[in-house]
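These notes are about the structure you will find just below.
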Amino acid sequence: MPDKEQNPRRRVLSGMRPTGKLHLGNYVGALQNWVKLQHTYSCFFFVADWHALTTDYDETSRLADHTLEVVVDFLAAGLDPEKCAIFVQSHVRQHAELHLLFSMITPLGWLERVPTYKEQQLQMPNKDLHMYGFLGYPLLQSADILIYQPDFVPVGEDQAAHIELTREVARRFNQFYKLEGKPVLPEPQILLTPSPKLLGTDKRKMSKSYGNSILLSDEAAVVEEKIKNSVTDRPKLSDRGSPERCPVGNLHQIFSDRERLAYITQGCTQATITCVECKALAVPSVNAHLAPIRERRRDLAQNPGKLQKIIQHGAEKATQAAEETMVAVRQSMGLLQLGSTKDLTMTGTDAPPLRSPESIGNAKTDEERRDIRVATWLERVNKTHPLRKDKREIFITRKGRKVGVHASAEQDRAWNFEFENPPVNVLVLLAEDKDGYLHPYVLPPKFLQKHWQFGGRADSWIRKIDGIAMLSVGAHNESIQEYESDYTALQ
Ligand code: TRP
Ligand code: SF4
């Protein structure tokens, strides 16, 4: 069963390099969209600090500050750490591990042909970019993405080639390596973020390096100053202009209400208003939008511990998700898992028999005893087959399979299990014998499909006949001996 059905909230991942304080172009071209997405999707947003090192490896004195500034801008803009994982790339070491593993299967030609590779080198002629890290930039990005198995990656057009490479890397990985015959890394889709046009105050593209930006963190008076000093297109009042090609016009297009935008558009194109008036109208439009952002920024500044907690929490959430993928990646690539030799014998048929704890005698109700048996079994099996708790007696495997676990004590060489028609992929029946030993029968999907399609009786029995465990479900009776302690269905 595909993971999606179990996990209706689809995943979104995106990242930004730590360029320092973000400007309005970064905001309307990405961040504002992320803030909307967090209400619909399970989101992962991060600051790509390792990526900054691919070009700025020789000047890192401001890297940590810039990283922090971007996190603060994320939060000020309205990303909610309760709703999404907000984190710093270098805090989740698994990205680097996956990048390394990808480097084993990625042809150099794929990286050399990514258009940004040549373009960036041309843009920075004074920088020595003959470094592996720079060539590997988009491969690290592929690892950033695929490690979260996202459905969508919201980015601007400039990142399209990187997402395409990511999909190719996933395809190649899945061709080489599989788990139980199935691909490990789903191909994500690009979610192209439409980026409204926003010129810098000097009419060139808004960019940090041109010093022509309005920052998300600028105070109201600074915003006013920058707008009033913006370069516009109408030297004489009688000149007609075009808001499309004017930094102030662009601000109206993004931040003014319809009425005001119509007024200045008419006034500019018909030469009936002055640029001074137009600018004076843009100031409150922009500042009204930035007011709640300033409010959240002030709140953060007053709680210095809060920011650290958010970053820590984000790293933990992201690490957990990333590690889930890495367990599957390592296993599919054939790497020896730490501790797996011991654990294999612990859950294999040679494992010492598992016994219910003495404390089970103190349990007051049948239900409590059942819970103790399940917990005992779970503790052992979790070492090799991590299960997440979903609800009582239902657990989820790493790959999203639902596992129902039921326990029963022996009565006259028989065990009775009562449960609803199991909405699970794998059913584990724990039969506790007279001596307190637990015998797990791990019934795989194909067994369940065969037996629960007719009627789905809730009442089942295991009986031992000549030492062979037989399961009866309604009128159907079949040996389940081969499934005793066979954990392959939990992989
Ligand atoms: N390369 C992206 C940029 O320059 C930043 C980035 C790094 C990224 N890793 C990512 C974006 C993963 C999306 C997904 O904007
Ligand atoms: Fe720009 Fe407004 Fe002047 Fe037109 S009227 S050129 S939009 S500032």
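Positions are given from 1 along the sequence. Computed from a predicted structure; not experimentally measured. Atoms within a ligand are numbered from 1 in the order they appear, just like the ligands themselves.
Side-chain N/O atoms of N250 and R245 include no donor and acceptor closer than 3.5 Å.
Inclusion of C278 in the first shell of atom 2 (Fe) of ligand 2 is supported: an N, O or S atom falls under 2.8 Å. Not one N/O/S atom of C268, from backbone or side chain, sits under 2.8 Å from atom 3 (Fe) of ligand 2.
At least one donor-acceptor pair under 3.5 Å links the side chain of T274 to the backbone N or O of E277. In this structure, the side chain of N229 engages the main chain of E225 through a donor-acceptor pair within 3.5 Å. A donor-acceptor pair is defined here as one N or O able to donate and one able to accept, closer than 3.5 Å; no such pair exists between the side chain of K83 and the backbone of Q38. A donor-acceptor distance shorter than 3.5 angstrom exists from the side chain of N382 to the backbone of L387, with no hydrogens or angles considered. Distance alone, capped at 3.5 Å, places no donor-acceptor pair between the D233 side chain and the G241 backbone.
Annotation: F46 is not in aromatic contact with H51 [ring centroid separation under 6.0 Å not met]. A centroid separation of 6.0 Å or more is found between the aromatic rings of Y117 and Y137. For an aromatic pair to be called close, the ring centres must be under 6.0 Å apart, and Y27 with H289 satisfies this.
Cation-pi check for R10 over Y41 is not met; the charged atom does not lie both under 6.0 angstrom from the ring centroid and within 45 degrees of its normal.
With a 4.0 Å heavy-atom cut-off, ligand 1 is reached by the side chain of I145 but not by its N, CA, C or O. Of all the heavy atoms of C246, the ones lying under 4.0 Å from any atom of ligand 2 belong exclusively to the side chain. Contacts between V155 and ligand 1 below 4.0 angstrom, taking non-hydrogen atoms only, involve the side chain exclusively. At a heavy-atom cutoff of 4.0 Å, ligand 1 is contacted by no atom of W50, backbone or side chain.
Atom 9 (N) of ligand 1 has D144 OD2, 2.8 Å as its closest protein atom, hydrogens excluded (heavy atom only). G15 N, 3.5 Å is the protein heavy atom nearest to atom 13 (C) of ligand 1. Protein heavy atom in closest approach to atom 5 (S) of ligand 2: R234 NH1, 3.2 Å. For atom 2 (C) of ligand 1, the closest heavy atom belonging to the protein is Q159 OE1, 3.3 Å. In terms of protein heavy atoms, atom 1 (N) of ligand 1 is closest to Y137 OH, 2.7 Å. Here the heavy atom of the protein found nearest to atom 8 (S) of ligand 2 is T232 CG2, 3.5 Å. Of all protein heavy atoms, the one closest to atom 8 (C) of ligand 1 is Q141 NE2, 3.4 Å. Scanning the protein for heavy atoms near atom 3 (Fe) of ligand 2, the closest one is C275 SG, 2.3 Å.
Which parts of ligand 2 touch G249 is read off a 4.0 Å heavy-atom cut-off, strictly below it: atoms 7 (S). Ligand-side atoms of ligand 1 in range of A48: 7 (C), range being under 4.0 angstrom from any heavy atom. Residue H51 approaches ligand 1 through these ligand atoms, each under 4.0 Å from one of its heavy atoms: 7 (C), 9 (N).
An N or O contact shorter than 3.5 Å links R17 to ligand 1 by distance. Residue H162 has no N or O atom closer than 3.5 Å to an N or O atom of ligand 1.
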Notebook entry, point to check: For E180 and R401, what are the C-alpha separation, side-chain angles and deciding distance, and is it a salt bridge (charged side-chain N to carboxylate O under 4.0 Å, His left out)?
Noted result: CA-CA 13 Å; E180 292 181 335; R401 275 191 180 154; 3.7 Å; yes

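Of the candidates V405, V426, T488, L427, V442 forms a side-chain contact (heavy atoms from CB on, under 4.5 Å) with just one, namely V426.
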